[in-house]
Chemist: 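A single structure is presented below for examination.
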Amino acid sequence: MDLFIDFETYFDSQIKYDLKHISVTEYIRDPRFKVFGAGIAFNGDPVKWLNSKELNVFFKRTNLQNCTIIGHNIKFDGAILAWHYNVLAGQWIDTKGMSRAVLGKSIKNHSLATLAEHFKLESKGHLNTNGKLTLTPQEEKELADYCIHDVELCREIFDRLVIDFPTSEYSIMDQTIKMFVQPKLKLNVPLLRDASVEEAKRRANIFAEIGIDKSVFASNVKFPVLLSREGYEVPTKESPRKKDEQGNSLKIPALALGDPDFLELMENGDERLKTLCEARIAAKSTLLETRSAKLASIGQTGNWPFDVEFSGADQTHRFSGGSGAGGNPQNFTRGSVLRKAVEAPEGFELIVGDFSNIELRIQAYLSKDPGLIEAIEKNRDIYCDFASAFYGKTITKADEKERRFGKTAILGLGYGMGWLKFIKTVRLQTGETISEEQSRKAVDLYRTRYNQIPELWKKLDSYISKLCNPEGIYQEFGLPVKFVFGELLLPSGLKIRFPNLRRELGERNQPEWIYDVYTKGHLEKRKLYGGKVLENICQGLAGEICKDSMRELEDLVVGQVHDELLILSSKGLLASNLGRVKRAMTNSPSWLKEMKLDAEVGHGTNWLEAK
DNA sequence: GCTTGACGCGCC
DNA sequence: AAAAGGCGCGTCAAGC
């Protein structure tokens with residue numbers, strides 16, 4: 001039995017009680033939270049409006065445990081059901097997640113209104129109940145009509161998306177929603193609160209000591225002015241977006257952590273300059289302070305909903321970080337108090353499993369590169385392997401600097417990076433400055449030592465034209481993906497899409513492969529080439545492997561970050577669950593059986609300790 | 001006063 | 001011949 005549902009609730013933007021100002025979790029757990037009613041429909045039945053009172057009766061009388069509950073952005077409705085009505089679904093389905101998976105970046109966004117337009121359905125209505133705490137009978141009637149139409153739209157959109165949504169994905173989508181609506185992890189509120197206060201003090205002190213306001217350092221206009229006024233030369237770079245009338249990139253100051261010239265400024269020996277640059281970084285790094293404060297306030301209200309978005313990375317179908325419970329869990333600072341504050345409940349232990357070099361392994365086995373495969377199968381350290389060849393002497397884990405260089409090369413050069421970008425990457429990731437000659441040597445060494453990788457780029461480059469064949473004949477070329485018109489089919493049936501793929505003349509009149517994607521509601525052109533096809537495939541396949549493990553570990557999984565799984569185990573079952581996690585994460589996928597996988601599995605009372 | 005774009009920061 | 005990419009969030013500046 002399917003139940004389609006959409007809740008209508010009170011909000012007031014004037015007092016900042018709405019989803020623009022606070023997260024879904026804070027909104028629903030707030031004492032001001034109030035349900036006006038909901039539109040519901042079983043299967044194809046007419047949609048009914050039930051007001052707040054009628055809903056109480058309905059949920060008391062109806063057992064939905066074996067029901068599939070479907071909604072647009074179901075984490076919202078699911079959290080209301082679970083937290084206010086104590087109602088859990090047998091399975092949750094989110095039509096917004098389905099839309100990301102099926103339509104991807106070929107559509108400007110995945111709102112109900114946009115989807116209605118896309119599928120040529122009767123448009124979504126307009127209604128504004130902002131600030132209304134009680135409704136007149138007339139207002140309730142209007143809200144009911146509006147809501148009923150939304151549920152009808154949701155159902156019709158579901159009926160259309162269901163055709164192309166792979167069956168294998170329902171269980172994973174359900175898991176991601178359960179991680180949110182049935183949260184199991186705790187947040188250490190005092191720890192987070194202290195951290196936020198301390199970080200605020202630390203940052204404030206920096207500006208107080210210099211005697212210049214934070215706003216000067218935080219401003220991309222004022223900070224370069226300050227530097228030049230003090231007699232320093234401001235480095236520049238090309239803006240990625242801003243263009244002049246001729247379409248040439250405009251120069252903007254290069255004063256960010258990702259700009260090698262900025263790092264040079266800090267290290268050129270001028271103490272005053274160093275102080276100013278450090279203040280710049282302090283002004284721009286707000287994550288620790290703001291995130292710990294937000295998580296502290298979430299932690300006060302209950303367990304921590306783990307929020308990731310299904311197919312949020314809609315090119316490769318990996319998860320993206322959600323914002324429903326204190327901010328994106330995918331970018332918690334490594335080794336920080338944010339991870340330390342995420343705790344297993346009493347009597348439980350947190351297990352963290354991390355796939356070892358999963359993308360590198362996929363690259364190795366797809367390209368069948370003998371050097372890479374041998375290193376993997378003999379458990380050799382690939383970073384040392386490359387560094388030894390580069391430096392012409394044996395490098396071991398003890399040679400930290402050299403090994404770090406090897407790691408940067410191995411992880412960076414697999415998708416076609418050139419020598420110029422590699423200089424920058426090495427500077428940013430290792431702090432070292434290498435010459436053009438050294439960079440060219442590293443790039444050449446990578447491409448000759450693991451020569452099957454560039455061979456695969458070349459092959460994939462030549463297969464791009466097959467994606468333009470409207471006949472849509474499946475071709476596999478010995479890879480676990482199928483090439484169809486305009487898209488690559490992953491083993492799950494999810495598609496990596498290249499909408500409107502075509503040949504265009506680029507710089508110097510060279511023909512290039514171009515496709516269109518919507519980013520932030522705007523249509524943008526993207527280039528396509530062999531290295532990038534390989535990257536998309538590797539990321540997509542890595543995501544599928546991770547999902548296989550999630551499926552196997554079922555409801556033990558309480559969180560997921562890229563190649564990492566968070567699992568909760570009762571203390572009594574710790575030993576057996578550690579083994580279970582390791583097995584689930586080292587199973588070779590059915591579509592690349594010869595590939596050897598590995599995972600690091602640790603445990604502890606909190607996320608930091610477990611990893 | 002509000003929205004939008006641009007940039008920078010954090011993670012993999 | 002050569003080409004690394006993708007998320008979410010906070011803040012400032014410009015536009016209305």
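So that the names make sense, note that chain A is the first sequence line, chain B the second, and so on, each numbered from 1. Everything numeric here is computed off the predicted structure, so don't read it as measured data. Atoms considered below: every heavy atom in the structure, side chains included; atoms not considered: hydrogens, waters and symmetry mates.
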Chemist: What contact category does A:Q315 fall into here, base, sugar-phosphate, or nothing, at under 4.0 angstrom with non-hydrogen atoms?
Modeler: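 Since only primed, P, OP1 and OP2 atoms lie under 4.0 Å of A:Q315, the category is sugar-phosphate.
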Chemist: Name the nucleic acid region contacted by A:G418, choosing base, sugar-phosphate or nothing; use a 4.0 angstrom heavy-atom cut-off, strictly under.
Modeler: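 Since only primed, P, OP1 and OP2 atoms lie under 4.0 Å of A:G418, the category is sugar-phosphate.
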Chemist: Do A:K75 and A:F180 form a cation-pi contact, if we require the NZ or CZ to be under 6.0 Å from the six-membered ring centre and within 45 degrees of the ring's axis?
Modeler: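 Yes.
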Chemist: Is the shortest side-chain N/O distance from A:K294 to OP1 or OP2 of C:dG10 below 4.0 Å?
Modeler: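 Affirmative; the distance criterion is met.
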Chemist: Which part of the nucleic acid does A:N536 contact within heavy-atom distance under 4.0 Å: base, sugar-phosphate only, or nothing?
Modeler: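 Since no nucleic acid heavy atom lies under 4.0 Å of A:N536, the category is nothing.
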Chemist: Nearest to the side chain of A:E535, which nucleotide is it out of C:dA4, B:dT3, B:dC12?
Modeler: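 The listed nucleotide nearest to A:E535's side chain is C:dA4.
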Chemist: Of the nucleotides B:dC9, C:dC7, B:dC12, which one has an atom closest to the side chain of A:S320?
Modeler: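 My answer, after comparing the listed nucleotides, is C:dC7.
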Chemist: Let's see if you can work this out: which of C:dG10, B:dG10, C:dG6 has an atom nearest to the side-chain heavy atoms of A:A313?
Modeler: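 It is C:dG6.
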Chemist: Can you check whether A:R447 has a side-chain N or O nearer than 4.0 Å to OP1 or OP2 of C:dA2?
Modeler: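 No.
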Chemist: Give a yes or no answer on whether the side chain of A:D369 reaches the backbone of A:L372 with a donor-acceptor pair at less than 3.5 Å.
Modeler: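 A pair under 3.5 Å: yes.
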Chemist: Where the side chain of A:L257 is concerned, which of B:dG8, B:dC11, B:dC9 is the nearest nucleotide?
Modeler: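 Out of B:dG8, B:dC11, B:dC9, the nucleotide with an atom closest to A:L257's side chain is B:dC9.
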Chemist: Hey, is the side chain of A:K20 poking within less than 4.0 Å of OP1 or OP2 on B:dC2, counting only N and O atoms?
Modeler: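 It does not, given that no N or O in the side chain of A:K20 lies less than 4.0 Å from OP1 or OP2 of B:dC2.
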Chemist: When you get a sec, tell me which of C:dA13, B:dC9, B:dC11 is the closest nucleotide to the side chain of A:T333?
Modeler: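 Of the options given, the side chain of A:T333 lies nearest B:dC11.
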Chemist: Between B:dC7, B:dC9, C:dC12, which nucleotide gets closest to the side-chain atoms of A:S239?
Modeler: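 Looking only at heavy atoms from C-beta outward on A:S239, the closest nucleotide is B:dC7.
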Chemist: Does B:dG10 have OP1 or OP2 under 4.0 Å away from a side-chain N or O of A:S285?
Modeler: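 So the side-chain polar atoms of A:S285 do come within 4.0 Å of the phosphate oxygens OP1 or OP2 of B:dG10, strictly under.
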Chemist: Considering heavy-atom distances to DNA chain C, does A:S215 or A:R291 have its closest nucleotide positioned more toward the 5' end?
Modeler: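 Closer to the 5' end of DNA chain C: A:R291.
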Chemist: Closest to the A:K284 side chain: B:dC9, C:dA4, C:dC7?
Modeler: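 When the side chain of A:K284 is considered, B:dC9 is the closest of B:dC9, C:dA4, C:dC7.
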Chemist: For a quick test of reading the model: is some side-chain N or O of A:S219 closer than 4.0 Å to OP1 or OP2 of C:dA13?
Modeler: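 Checking C:dA13 against A:S219, a side-chain N or O does come within under 4.0 Å of OP1 or OP2.
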Chemist: When all nucleic acid strands are considered with a 4.0 Å heavy-atom cut-off, which category describes A:F332: base, sugar-phosphate, or nothing?
Modeler: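 Sugar-phosphate contact only - A:F332 comes under 4.0 Å of backbone atoms but never of a base.
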Chemist: Counting any heavy atom closer than 4.0 Å, what does A:R318 reach on the DNA or RNA strands: base, sugar-phosphate only, or nothing?
Modeler: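 If one applies the 4.0 Å heavy-atom cut-off, A:R318 turns out to touch nothing in the nucleic acid.
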Chemist: The side chain of A:Q539 lies closest to which of these nucleotides: C:dG5, B:dC7, C:dT11?
Modeler: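 Comparing C:dG5, B:dC7, C:dT11 against the side chain of A:Q539, the answer is C:dG5.
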Chemist: Does A:K105 have a side-chain nitrogen or oxygen under 4.0 Å from the phosphate oxygens OP1 or OP2 of C:dC7?
Modeler: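 Yes, A:K105 has a side-chain N/O under 4.0 Å of OP1/OP2 on C:dC7.
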Chemist: What is the nucleic acid contact for A:L413, judged by heavy atoms within less than 4.0 Å: base, sugar-phosphate only, or nothing?
Modeler: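 A:L413: no heavy atom of the nucleic acid under 4.0 Å.
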